Amino acid sequence: MDTIFALATAPGRAGVSVVRVSGPRAWDICRLLAGDVPEPRRASLRRLLSSGVVIDEALVLAFSAGESFTGEEVVEFQTHGSPAVVGFLLKVLSAQEGARVAEAGEFTRRALENGRLDLAEVEGLSDLLTAETEAQRLQAFRIFDGELGRQVDIWRSQLLRSAALVESTIDFADEEVPEDVSPEVESLLRSLRNEFAREIEGVSVAERLRSGFEVAIVGPPNAGKSTLLNRLAGRDAAITSEIAGTTRDVIEVRMDVDGLPVTFLDTAGLRETKDVVEAIGVQRALDRANQADLRVVLGTPGSGLKLEAEDLVLTPKSDLLDKDVGSGISGVTGEGVSDLLAHISTVLGNRVSQTHLATHLRHQQALQVAVESLDHALDYLALESGLEELVAEAIRGAIRSVDSLVGRIGVEDVLGEIFRNFCIGK
């Protein structure tokens with residue numbers, strides 16, 4: 001197996017840069033450059049040399065096989081963050097026999113192959129590296145921390161218990177079985193089936209949390225939508241004008257709302273128009289608004305807009321009104337903006353609270369197969385005896401589906417997609 005290396009920190013000028021080396025020759029390379037291998041897990045200052053030329057003075061960390069991130073012998077060189085220093089060190093490493101630049105996600109893939117991480121933890125790490133808000137970080141870290149893997153072990157043990165009970169009736173079919181195992185098996189399978197179904201329901205929100213929620217600002221022309229968007233963004237993200245139909249395409253501004261990733265959409269004013277280009281903008285506005293997670297309507301809702309109970313209908317331009325209307329909002333003065341953000345935070349926060357441990361479409365698909373397997377098993381149990389072998393096989397199908405969540409079986413087809421999103425140094 002090749003020894004791989006890569007810059008593990010961001011490229012460019014920095015105070016410190018970290019170059020990671022992993023594989024069978026990692027420690028040999030460390031001896032060649034630093035003179036020796038420091039005591040594992042203890043940072044030591046070393047002068048790095050190549051053919052008598054000083055590369056840099058760096059902190060060197062060594063990790064033994066089985067105790068590193070990848071499970072292999074690993075060395076990390078913490079150099080000064082000069083592009084020249086890092087470039088020279090990488091050039092020296094590339095000249096070493098058996099060493100090459102790591103591919104995207106290759107360090108993490110080796111961690112998976114060496115049993116340091118399961119597949120769910122790899123997905124959690126990928127999400128953690130791209131997390132932009134607190135809610136995204138919390139969701140990602142739960143999975144990276146192995147919470148799903150631990151739950152899979154519980155599910156698996158319950159399924160194995162069910163399978164063992166059923167198979168005992170097959171093995172001892174010609175002998176007297178001490179008790180009827182069907183009630184316990186049915187209880188276990190029904191409980192698991194319901195738990196899997198709850199996990200499946202939460203995946204769509206978990207996926208939305210990862211990609212970001214969308215809140216559409218809609219209403220007729222000149223209702224103050226673009227002004228409100230600019231107020232929310234704290235900058236001139238959209239052009240404002242007294243001329244109706246100024247906004248023709250959907251303008252997006254991404255924000256962090258109490259730890260939640262939210263993209264606000266400024267849409268074209270909803271009205272009947274003979275202007276072909278504006279009409280396209282109006283249709284786009286309706287399409288995006290109806291697909292959004294939440295809608296903020298300024299003024300009277302237009303036809304074709306599908307509203308739900310949690311959507312807000314507000315009176316726009318409250319700064320121009322002579323009286324307090326209660327549900328007014330103004331992008332000019334900021335009146336009602338705090339209440340709007342609080343409502344959005346509450347609604348979307350409640351949805352996030354309904355998520356569980358299944359956070360990816362892959363998890364949803366595996367659990368759906370498990371649910372179908374358990375449905376078959378429960379159907380066979382409800383029929384007359386003699387179908388124990390079918391019940392046992394259906395339970396084994398559920399076990400295979402649950403095992404796929406953490407990568408025990410049948411995951412080669414998804415690895416490329418997962419590691420494609422990793423950076424080179426991870």
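Position 1 is the first residue of the sequence, and the numbers go up from there. All values reported here derive from a predicted model rather than from experimental measurement.
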Check the orientation of F141 and F144. Use parallel for under 30°, tilted for 30 to 60°, and perpendicular for over 60°. perpendicular
Could you check if a side-chain atom of L228 sits within less than 4.5 angstrom of a side-chain atom of L340, using non-hydrogen atoms only? yes
Are any side-chain N or O atoms of E393 and backbone N or O atoms of L390, one a donor and one an acceptor, separated by less than 3.5 Å? no
Are more than 12 heavy atoms, taken from residues, nucleotides or ligands other than R31, located less than 6.0 Å from that residue's CZ atom? yes
For the pair S373 (side chain) and I395 (backbone), establish whether a donor and an acceptor sit closer than 3.5 Å, ignoring hydrogens and angles. no
Under 3.5 Å, side chain of R110 to main-chain N/O of G23, donor-acceptor pair present? no
Looking at every non-hydrogen atom in both residues, tell me the closest pair between V218 and L305 and how far apart they are. CG2-CD2, 3.6 Å
Quick one: does E199's side chain have a donor or acceptor within less than 3.5 Å of a partner on L357's backbone? yes
Could you tell me whether the side chain of Q96 and the main chain of V92 form a donor-acceptor pair under 3.5 Å? yes
State, yes or no, whether a side-chain contact exists between L405 and W155 at a heavy-atom distance under 4.5 Å. yes
Are E72 and S22 close enough that a side-chain donor and a side-chain acceptor fall under 3.5 Å? yes
Within the structure provided, determine whether L59 and V16 are in side-chain contact (heavy-atom separation under 4.5 Å). no
R142 bridged to D145 by N-O distance under 4.0 Å: no
Check the surroundings of atom NE2 in H80: do more than 12 heavy atoms from other residues, nucleotides or ligands lie under 6.0 Å from it? no
For the residue pair L93 and V19, establish whether any side-chain heavy-atom pair is separated by less than 4.5 Å. yes
Any sub-3.5 Å donor-acceptor pair from D311's side-chain atoms to E308's backbone N or O? yes
Any salt bridge linking E214 with R288? Criterion: basic side-chain nitrogen under 4.0 Å from a carboxylate oxygen. yes
Close side-chain approach of I329 to V296, heavy-atom, < 4.5 Å: no
Between V37 and V75, is there a side-chain heavy-atom distance shorter than 4.5 Å? no
Between E123 and H363, is any side-chain donor less than 3.5 angstrom from a side-chain acceptor? yes
Salt bridge between E134 and R137, side-chain N to carboxylate O under 4.0 Å? yes
Assess R20 against F69: is NZ or CZ under 6.0 Å from the centre of the six-membered ring, and within 45 degrees of the ring's axis? yes
Tell me whether D266 contacts the main-chain N or O of I251 through its side chain, where contact means a donor paired with an acceptor under 3.5 Å. no
Minimum heavy-atom separation for P40 and S64, please, with both atom names. CG-OG, 3.6 Å
Shortest non-hydrogen separation from S204 to E201 and the atoms involved: OG-O, 3.7 Å
Take atom CZ of R150 as the centre, draw a 6.0 Å sphere, and report whether it contains more than 12 heavy atoms from other residues, nucleotides or ligands. yes
Does the side chain of L209 reach to within under 4.5 Å of the side chain of T355, using non-hydrogen atoms? no
Using only atom types and a distance under 3.5 Å, with no angle test, would you say the side chain of R156 pairs donor to acceptor with the backbone of D403? no
Kindly say whether A358 contributes a backbone atom to a donor-acceptor pair with the side chain of H360 at under 3.5 angstrom? no
Around R254, counting heavy atoms of other residues, nucleotides and ligands shown, do more than 12 lie under 6.0 Å from its CZ? yes
So do I344 and F264 actually touch side chain to side chain, heavy atoms under 4.5 Å? yes
For the pair T9 (side chain) and V18 (backbone), establish whether a donor and an acceptor sit closer than 3.5 Å, ignoring hydrogens and angles. yes
Would you compute the distance between atom CG of L125 and atom CD1 of I143 and round it to the nearest 0.5 angstrom? 12.5 Å
